[in-house]
Amino acid sequence: MTNTTAAPTGDYRDMNRLMSLMTGDEKHGPAATSTLDALWVLYDRVLRVTPSTADAPDRDRFLLSKGHGPMAYYAVLAAHGFFGEELLSGFGAYDSPLGHHPDRTLAPGIEIGSGSLGHGLPLAVGSVLGLRAQGLTDPRVWVLIGDAELDEGSNHEALAYAGPARLEQLHTVVIDNASASYGRPGGIAARFAAAGWSVDSVDGRDHEALYAAFTAPHPGRPRAVVARVGPKN
């Protein structure tokens with residue numbers, strides 16, 4: 001594993017510059033930019049994890065299930081000091097730890113290897129159960145998924161289980177950029193609510209709205225936040 005960390009390099013206003021250092025995967029550019037605001041708010045104001053606590057048992061876990069187009073993820077990690085920004089320009093190169101899909105064995109701060117859609121939410125459920133089995137009830141598990149991932153059946157099994165199991169440590173951010181193939185009666189938020197989740201739907205570009213939704217109390221229930229970044233936003 002690459003263990004290099006660095007001092008934080010910037011703030012949100014620096015994101016465009018950091019993302020511009022990564023080239024070669026332009027077709028997934030929209031997948032990256034759609035996640036940027038949610039990722040920034042999480043790492044800047046919500047997640048209890050830093051470069052020095054990235055392996056601590058009581059850290060919060062963040063799982064990027066939407067692993068296609070991880071440029072925003074890498075830029076946010078670099079901005080918060082998990083690794084130096086000099087790695088960004090090598091994005092996707094043969095000898096780079098920053099691949100087109102994130103790899104948890106190569107770069108600090110990455111919890112799962114992802115990019116094969118539909119696995120992040122089930123992994124997050126398993127992570128919460130694993131933490132519970134160890135008596136660790138304070139760390140929170142966050143997973144970011146895309147709306148199209150909800151076309152995958154494994155997500156619905158995890159979603160249906162988490163509510164009745166009262167997995168309060170579980171938090172899901174759904175980036176809704178209107179790319180799903182199948183509609184859901186009442187929309188994405190209604191699907192989570194029907195399974196017993198605490199849920200909210202917000203403008204996925206509005207940092208204050210995201211922060212309020214991410215930090216809202218939800219005793220005894222998992223939390224889902226639908227971040228709308230589709231054509232209407």
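Throughout, numbering of the chain's residues begins at 1 and tracks the sequence. Just so it is clear, the model here is predicted, and its values are computed rather than measured.
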How long is the straight-line distance from [atom2] of [Y] back to [atom1] of [X], given to the nearest 0.5 Å?
| X | Y | atom1 | atom2 | result |
| --- | --- | --- | --- | --- |
| Ser89 | Met22 | OG | CE | 10.0 Å |
| His171 | Arg223 | NE2 | CZ | 8.5 Å |
| Asp176 | Ser34 | CG | OG | 10.0 Å |
| Trp197 | Leu170 | CH2 | CG | 4.0 Å |
| Asp58 | Asp138 | CG | CG | 7.0 Å |
| Leu87 | Ser96 | CG | OG | 6.5 Å |

Note, [X] side chain near [Y] side chain (heavy atom, < 4.5 Å):
| X | Y | result |
| --- | --- | --- |
| Tyr73 | Leu39 | yes |
| Val226 | Val202 | no |
| Ile175 | Val229 | yes |
| Leu18 | Glu85 | yes |
| Leu150 | Ile145 | yes |
| Tyr12 | His207 | yes |

Quick check: does any side chain N or O of [X] sit under 3.5 Å from a backbone N or O of [Y], one acting as donor and the other as acceptor?
| X | Y | value |
| --- | --- | --- |
| Arg205 | Asp37 | no |
| Gln169 | Leu136 | yes |
| Ser114 | Leu64 | yes |
| Arg61 | Arg59 | yes |
| Thr53 | Val49 | no |

Q. What class does the angle between the rings of His80 and Tyr43 fall in, given that below 30° is parallel, 30 to 60° is tilted and above 60° is perpendicular?
A.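 Rings of His80 and Tyr43: tilted, 30 to 60°.
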**Q.** Check: His68 ring centroid to His100 ring centroid under 6.0 Å
**A.**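 Here the rings of His100 and His68 have centres that are no less than 6.0 Å from each other.
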Q: Report the C-alpha separation of Arg191 and His156 in whole Å, then their side-chain angles, then the decisive distance to 0.1 Å, and conclude whether the side chain to side chain donor-acceptor pair (under 3.5 Å) test is met.
A: CA-CA 9 Å; Arg191 174 68 183 90; His156 290 275; 3.2 Å; yes
